[in-house]
Peer 1: 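One structure is given below, represented as structure tokens, and several questions about it will come after.
By convention in this document, chain letters (A, B, ...) are assigned in the order of the sequence lines, proteins followed by strands, and residues within each chain are numbered from 1. As the structure is a computational prediction, the values presented were derived from the model and not from experiment.
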Amino acid sequence: MPVLTRWFIKTALAYFVAALVVGVVQAARGGAGINPVYVHLLVVGWITQMIFGVAYWMFPKYSKEVPRGSDRLAIASYVCLNAGLLLRVVAEPALARHPGTGFGPVLALAAVLQWLGGMAFVANTWARVRER
Amino acid sequence: MPRTSRWFIRASLVYLAVGFTLGALLLFNKGVPLGSAVPRLLPAHIEFLLAGWVIQLVMGVATWIFPRFGVARSAYGSEAATWVAFALLNGGVWLAGVGPLAPGHLGDVLPIAGRLAETGAAGAFAANIWARVRASGLSPM
Ligand code: HEM
């Protein structure tokens, strides 16, 4: 299992546990902006990240020389996805509590980073969806 | 990887790209307003990512990887049934995701049609892959 896959999967597992802890907090006392954080910790942090890690490892080889495509794109997808998600987790509830503050632009940055992470994965994975 | 799986998985990557783009617009708009119409993208965001990305990827990978020894007709099961599942799922994702944007009554009816199509996709897929959920011949259990 490649090193980056281990990072993806271990990070995904950490989000899995974190998401369920946030789910407990949400059920116990709610709070503005917490529901989307709970949902996305699960669907982005856990499920999508797990898929990214396993696909990077298991999909057909890109070529003999670079079996997993571009390392740079793969690392970029890991870094951007996680930086963006972490910023969202902080900024979304914070902005709900303090509207009109500097958390707004932070949330916008979280959006751009996660988008870049997703695009980097698609760009690096597309050509590996092949017969063998 | 068979041709059907390549279509499922490539389509799922397209939905990932489009769904993340919609999600990024929604999130950006929450932090820095872009326009009052942006929140209307939410149903498409949810449908594209849950059904178009996650579910479709699982269907494509299962079609590729599940044991296929001794299954009648073709090694991957019925190719026709797999294409039916592919067509119904993708038609359903669009109807359920983009349908709510249609004006008037249509905006209520199209998502129902979409969900029905997705149900058909699930049925065709499950019926076809059922026989492949078995010992692989490589592992003892
Ligand atoms: C596999 C990936 C994803 C899935 C399955 C998904 C699913 C969902 C679901 C189910 C909701 C509704 C949540 C609710 O009603 O509280 C939602 C809302 C939303 N999603 Fe995603 N999402 C994904 C990725 C993303 C990403 C990458 C972004 C941003 C870059 C994003 C931004 C949003 C926003 C802004 C909302 C609206 C939250 C609100 O204001 O209530 N999503 N998404």
Peer 1: Determine whether B:Val14 and A:Trp126 satisfy the following criterion, side-chain contact (heavy atoms from CB on, under 4.5 Å), listing intermediate values before the conclusion.
Peer 2: CA-CA 9 Å; B:Val14 171; A:Trp126 188 263; 3.9 Å; yes
Peer 1: For the hydrophobic clusters of this structure (ILVMFWY residues joined by side-chain heavy atoms under 4.5 Å, transitively), does one cluster hold both A:Tyr38 and A:Val25?
Peer 2: yes
Peer 1: Please answer: with hydrophobic residues joined when any side-chain heavy atoms are less than 4.5 Å apart, are B:Tyr15 and A:Val54 in the same cluster?
Peer 2: yes
Peer 1: What I'd like to find out is whether the side chain of B:Phe28 reaches to under 4.5 Å of the side chain of A:Leu107, using heavy atoms alone.
Peer 2: no
Peer 1: What part of A:Pro99 is in contact with chain B, defined as an atom under 4.5 angstrom from a non-hydrogen atom: side chain, backbone, both or neither?
Peer 2: neither
Peer 1: Chain B heavy atoms under 4.5 Å from A:Leu81: which part of the residue, side chain, backbone, both or neither?
Peer 2: side chain
Peer 1: Would B:Ile9 and A:Phe59 count as a side-chain contact (heavy atoms from CB on, under 4.5 Å) here? Give the steps.
Peer 2: CA-CA 11 Å; B:Ile9 296 173; A:Phe59 270 22; 3.8 Å; yes
Peer 1: Should the pair B:His45 and A:His40 be assigned to parallel (<30°), tilted (30 to 60°) or perpendicular (>60°) ring geometry?
Peer 2: parallel
Peer 1: When you compare the side chain of A:Val43 with that of B:Val54, does any pair of heavy atoms fall below 4.5 Å?
Peer 2: no
Peer 1: Do A:Val44 and B:Leu22 land in one hydrophobic cluster if side-chain heavy atoms of ILVMFWY residues count as linked below 4.5 Å?
Peer 2: yes
Peer 1: Hey, what do you get for CG (B:Leu27) to CG (A:Leu113), rounding to the nearest 0.5 Å?
Peer 2: 10.5 Å
Peer 1: Do B:Val61 and A:Met58 touch side chain to side chain, with heavy atoms closer than 4.5 Å?
Peer 2: no
Peer 1: So what's closer than 4.5 Å to chain B heavy atoms on A:Ala110: side chain, backbone, both or neither?
Peer 2: both
Peer 1: Are B:Trp53 and A:Leu41 grouped together when hydrophobic residues (ILVMFWY) are joined by side-chain heavy atoms under 4.5 angstrom apart?
Peer 2: yes
Peer 1: Taking the side chain as everything from C-beta on, heavy atoms only, tell me whether B:Lys30 gets closer than 4.5 Å to A:Glu92.
Peer 2: yes
Peer 1: Side-chain contact test, heavy atoms from C-beta onward, threshold under 4.5 Å: evaluate it for B:Trp7 versus A:Val129 and give yes or no.
Peer 2: no
Peer 1: Once rounded to the nearest 0.5 Å, what's the spacing between atom CE of A:Met119 and atom CG of B:Leu16?
Peer 2: 6.0 Å
Peer 1: Check A:Ala111 against B:Ala24 and note the closest heavy-atom contact, atom names and distance.
Peer 2: CB-O, 3.4 Å
Peer 1: Does CH2 in A:Trp7 sit with more than 12 non-hydrogen atoms of other residues, nucleotides or ligands closer than 6.0 Å?
Peer 2: no
Peer 1: Using side-chain heavy atoms (C-beta onward) and a distance below 4.5 Å, is B:Phe20 in contact with A:Val122?
Peer 2: no
Peer 1: Between B:Arg3 and A:Glu131, is there a side-chain heavy-atom distance shorter than 4.5 Å?
Peer 2: no
Peer 1: In terms of hydrophobic clusters joined by side-chain contacts under 4.5 Å, are B:Leu89 and B:Val58 together?
Peer 2: no
Peer 1: What is the minimum heavy-atom distance between A:Pro60 and B:Met1, and which atoms define it?
Peer 2: CD-CE, 3.5 Å
Peer 1: At a 4.5 Å cut-off on heavy atoms, which part of B:Ile65 comes close to chain A: side chain, backbone, both, or neither?
Peer 2: neither
